[in-house]
Amino acid sequence: MRLVTYDDGGPRLGLVREGRVADLAALADDETTRLAFSGARSFLAAGDAAIAAARRVMREAEDHGMVPSWPALEAVRLMAPVPDPRKILALAGNYREHLREGGGVAVPKERMVPNVFIKPVTTIVGPGEAIRLPGPLCTTVDYE
């Protein structure tokens, strides 16, 4: 199951099938399912029930021949998978080579304690979107 968040006048949760994108909320047949399909965070919070519901509505849509009517994946503007996270936590310990590149010393892996850092949720961008720099204090970006 491949989920995407795409823009259709606002964020929509879609499921990719045969190179096409199904609007899951539009396929929902009850309010509880529609709520679970209202966005990536809602879907993740609903857990296994959302996965089962997505499989069910997709099976029904395929049985009714709906797939060819959905937009092609290439025709929609993809957004960040979770465009509205509550927080972003990262572990700098995953970047041992990057520490060396910056002149730092990477301790042996078995002794490394990850450095936790946060990023503002405003840093989220989707595929191909421009990264906006906040001004004179930040003039470059790094791959993290």
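Only heavy atoms go into these numbers, but all of them, side chains included; no hydrogens, no water, no symmetry mates. Predicted model, so just to flag it, every value in this text is computed and none were measured.
Residues passing the salt bridge (charged side-chain N to carboxylate O under 4.0 Å, His left out) test with Glu31, sequence neighbours excluded: Arg34. Scanning for side-chain contact (heavy atoms from CB on, under 4.5 Å) contacts around Thr5 gives Pro11, Leu13, Ala40, Met79, Pro83, with sequence neighbours left out.
Evaluation of the side-chain hydrogen bond (donor to acceptor under 3.5 Å, both in side chains) test over residues 71-85, restricted to residues two or more places apart or in two chains, returns Asp7-Arg77, Arg77-Glu129. Sorted by first and then second residue, the side-chain hydrogen bond (donor to acceptor under 3.5 Å, both in side chains) pairs involving residues 46-61 (not counting sequence neighbours) are Asp29-Arg56.
No continuous path of ILVMFWY side-chain contacts below 4.5 Å connects Val116 to Ile118, so the two sit in separate hydrophobic clusters. Note: the hydrophobic cluster containing Leu73 does not contain Met1 (ILVMFWY, side chain heavy atoms under 4.5 Å, direct or indirect links). In the hydrophobic cluster analysis, where Ile, Leu, Val, Met, Phe, Trp and Tyr join through side-chain heavy atoms closer than 4.5 angstrom, Phe117 is grouped apart from Ile88.
Val121 approaches Pro85 most closely through the heavy-atom pair CG1-O, 3.2 Å. Heavy atoms only, all atoms of each residue included: Ser42 and Leu35 are closest at CB-O, 3.4 Å. Between Ala54 and Phe43, the shortest heavy-atom contact is CB-CE1, 4.1 Å.
If you chain together ILVMFWY residues whose side-chain heavy atoms come under 4.5 Å of each other, Val82 ends up grouped with Leu44.
Taking 4.5 Å as the limit, some side-chain heavy atom of Val16 sits within range of a side-chain heavy atom of Val4.
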Would you be so kind as to tabulate the donor-acceptor pairs closer than 3.5 Å made by side chains of residues 17-25, with sequence neighbours excluded?
{"unit_1": "Arg17", "atom_1": "NE", "unit_2": "Glu62", "atom_2": "OE2", "d": "2.3"}
{"unit_1": "Arg20", "atom_1": "NH1", "unit_2": "Trp70", "atom_2": "O", "d": "2.5"}
{"unit_1": "Asp23", "atom_1": "OD1", "unit_2": "Arg12", "atom_2": "NH2", "d": "3.1"}
{"unit_1": "Asp23", "atom_1": "OD1", "unit_2": "Ala25", "atom_2": "N", "d": "3.2"}
{"unit_1": "Asp23", "atom_1": "OD1", "unit_2": "Ala26", "atom_2": "N", "d": "3.3"}
{"unit_1": "Asp23", "atom_1": "OD2", "unit_2": "Arg12", "atom_2": "NE", "d": "3.0"}
{"unit_1": "Asp23", "atom_1": "OD2", "unit_2": "Arg12", "atom_2": "NH2", "d": "2.7"}

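Once rounded to the nearest 0.5 Å, the distance linking OG1 of Thr123 with CD1 of Ile131 reads 9.5 Å.
Enclosure of atom CG in Leu89 by more than 12 non-hydrogen atoms of other residues, nucleotides or ligands within 6.0 angstrom is indicated.
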